Amino acid sequence: MTLQGKVWKFGDNIDTDLIIAARYLNTSEPSELAKYVMEDADPEFVSKMTEGDIIVAGENFGCGSSREHAPIALKAAGVSAVIAPTFARIFYRNAFNMGLPIFELAEATEINEGDVVRVDMDAGEVINVTQAKTYKFSPIPEFMQELVDAGGLIAFAKKEIEAKKQKEEKA
C-alpha cells in the first residue's frame with residue numbers, strides 16, 4: 001500500500017488535547033470531530049489541508065490522555081498518515097485500532113512543511129518526493145497492516161466474523 005500527500009509539520013509533544021480539544025468531546029461523530037482537528041495547534045489547519053495530506057511531527061506525538069477521539073478526528077479530517085520519530089504508546093495502538101497508519105521515522109525532522117512525501121508501507125520507505133530523499137523505517141507488522149487495510153479494529157472484526165459465518169454455512 002502506498003500513500004502520498006503534502007506535509008503539515010508540527011513539533012514535539014503534540015498531545016491528544018492539541019489533536020482534538022476536550023471541549024469538542026461531547027460527540028464521537030467522526031465528521032463532527034474532523035472540523036476541529038489540530039485547531040489549538042493551528043486554527044486554520046482544517047481549511048488549509050486537503051484529503052490525503054500527511055502530518056509530520058516531532059517526538060512523542062499523541063501523548064496525554066488515552067482518548068480514541070484523536071486518531072478518529074485525524075482520519076475523519078482526511079489525514080492519510082502521521083510520521084514522527086516516536087509516538088505515545090497508547091496513541092500508537094489507538095491509531096491502528098481506528099485504521100490510521102502511523103510511521104516511526106527517526107529522520108522525520110528532516111522533512112519540511114509543504115514537501116510531498118510518499119509512504120510505501122510494504123517496502124518500509126518514506127520517500128520525500130520534493131527533496132528526492134528516501135528513508136527506511138521498520139515495516140508495520142502484518143496484523144497491524146491488516147487493521148489499517150480493513151479500516152480499523154471494529155471493521156476488521158466484522159470482516160472476520162462474516163468470513164467465519166460464510167465458512168460455517170458452506171460446511
Side-chain angles (χ1 to χ4, degrees), residues 1-22 24-25 27-42 45-46 49-109 111 117-126 135-160:
M1 183 173 171
T2 303
L3 306 167
Q4 182 168 311
K6 180 180 175 181
V7 168
W8 297 97
K9 194 87 181 253
F10 293 93
D12 293 340
N13 301 310
I14 297 296
D15 65 30
T16 53
D17 206 41
L18 282 175
I19 297 168
I20 186 69
Y24 300 120
L25 299 182
T27 182
S28 57
E29 178 59 42
S31 61
E32 194 61 28
L33 294 171
K35 296 176 187 176
Y36 307 106
V37 76
M38 304 304 287
E39 181 179 84
D40 288 351
D42 179 354
F45 176 70
V46 172
M49 68 153 300
T50 57
E51 189 163 343
D53 284 352
I54 295 171
I55 288 178
V56 175
E59 299 282 346
N60 202 28
F61 187 88
C63 58
S65 76
S66 61
R67 67 176 68 124
E68 293 175 339
H69 295 77
I72 291 170
L74 289 166
K75 185 176 174 186
V79 172
S80 65
V82 180
I83 301 169
T86 61
F87 291 89
R89 291 295 101 187
I90 194 125
F91 179 87
Y92 184 90
R93 188 59 203 201
N94 283 341
F96 284 102
N97 285 347
M98 296 302 121
L100 176 69
I102 61 175
F103 306 96
E104 290 185 321
L105 182 68
E107 300 89 352
T109 57
I111 301 170
V117 297
R118 182 172 46 249
V119 180
D120 184 330
M121 294 170 71
D122 297 326
E125 293 181 338
V126 172
Y135 305 98
K136 288 286 202 181
F137 63 89
S138 296
I140 297 169
E142 187 176 331
F143 176 68
M144 303 288 263
Q145 178 70 46
E146 289 176 21
L147 291 179
V148 170
D149 292 346
L153 181 60
I154 292 173
F156 176 82
K158 286 179 181 177
K159 183 177 140 186
E160 291 293 306

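It should be emphasised that the depicted structure is a prediction, and the values quoted were computed from it without experimental measurement.
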With a 3.5 Å cut-off and sequence neighbours excluded, list the donor-acceptor pairs that the side chains of residues 146-159 form with protein atoms.
from, atom 1, to, atom 2, distance (Å)
Asp149, OD1, Gln145, NE2, 2.8

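In this structure a side-chain-to-backbone donor-acceptor pair under 3.5 Å is present from Asp122 to Met1. Side-chain atoms of Lys9 come within 3.5 Å of backbone N or O of Ile111 as a donor-acceptor pair.
Shortest non-hydrogen contact noted between Gly11 and Ala57 is O-CB, 3.9 Å. Contact record, Met49 with Gly78: CE-C, 3.8 Å, taken as the closest heavy-atom pair. In terms of heavy-atom proximity, Ser31 sits nearest to Ala76 at N-CB, 4.4 Å. Closest approach of Asp40 and Ala21 over heavy atoms only: OD2-CB, 3.6 Å.
Remark: of the listed residues Val79, Ile20, Ile14, Ile14 is the sole one forming a side chain to side chain contact (heavy atoms under 4.5 Å, CB included) with Met38.
In this structure, the separation between CD1 on Ile19 and OG1 on Thr16 is 6.5 Å, given to the nearest 0.5 Å. The structure places CG of Asp53 at 6.5 Å from NZ of Lys6, a figure rounded to the nearest 0.5 Å. Asp15 contributes atom CG, which lies 9.5 Å from atom CZ of Phe61 (distance to the nearest 0.5 angstrom). Within the model, atoms CD1 of Ile54 and CG of Leu3 stand 6.0 Å from one another, a figure rounded to the nearest 0.5 Å. In this structure, CZ in Phe137 is found 8.0 Å from CD1 in Ile83, a value given to the nearest 0.5 Å.
With sequence neighbours excluded, no residue forms a side-chain hydrogen bond (donor to acceptor under 3.5 Å, both in side chains) with Asp120. Residues passing the side-chain contact (heavy atoms from CB on, under 4.5 Å) test with Ile90, sequence neighbours excluded: Ser66, Asn94. Partners of Glu107 according to the salt bridge (Lys or Arg N to Asp or Glu O under 4.0 Å) rule, which considers only residues two or more places apart in sequence or in another chain, do not exist here. Residues meeting the salt bridge (Lys or Arg N to Asp or Glu O under 4.0 Å) test with Asp17, sequence neighbours left out: Arg67. Under the side-chain hydrogen bond (donor to acceptor under 3.5 Å, both in side chains) criterion, Tyr135 pairs with Glu110, sequence neighbours left out. Under the side-chain contact (heavy atoms from CB on, under 4.5 Å) criterion, Ala95 pairs with Pro71, Phe91, Leu100, Ile102, sequence neighbours left out. Taking Asp42 as the reference, Phe10, Glu44, Phe45, Lys48 meet the side-chain contact (heavy atoms from CB on, under 4.5 Å) condition, with sequence neighbours excluded. Looking at residues two or more places apart in sequence or on another chain, you find no salt bridge (Lys or Arg N to Asp or Glu O under 4.0 Å) involving Glu68. Qualifying side-chain contact (heavy atoms from CB on, under 4.5 Å) partners for Thr27, counting only residues two or more places apart in sequence or in other chains: Glu29, Glu32, Leu33. By the salt bridge (Lys or Arg N to Asp or Glu O under 4.0 Å) test, Arg89 is found to be paired with Glu104, residues two or more places apart in sequence or in another chain being considered.
Sequence neighbours left out, not one pair with a member in residues 69-81 passes side chain to side chain donor-acceptor pair (under 3.5 Å).
Ring geometry, Tyr36 versus Tyr24: the interplanar angle falls under 30°, so the pair is classed parallel (tilted spans 30 to 60°).
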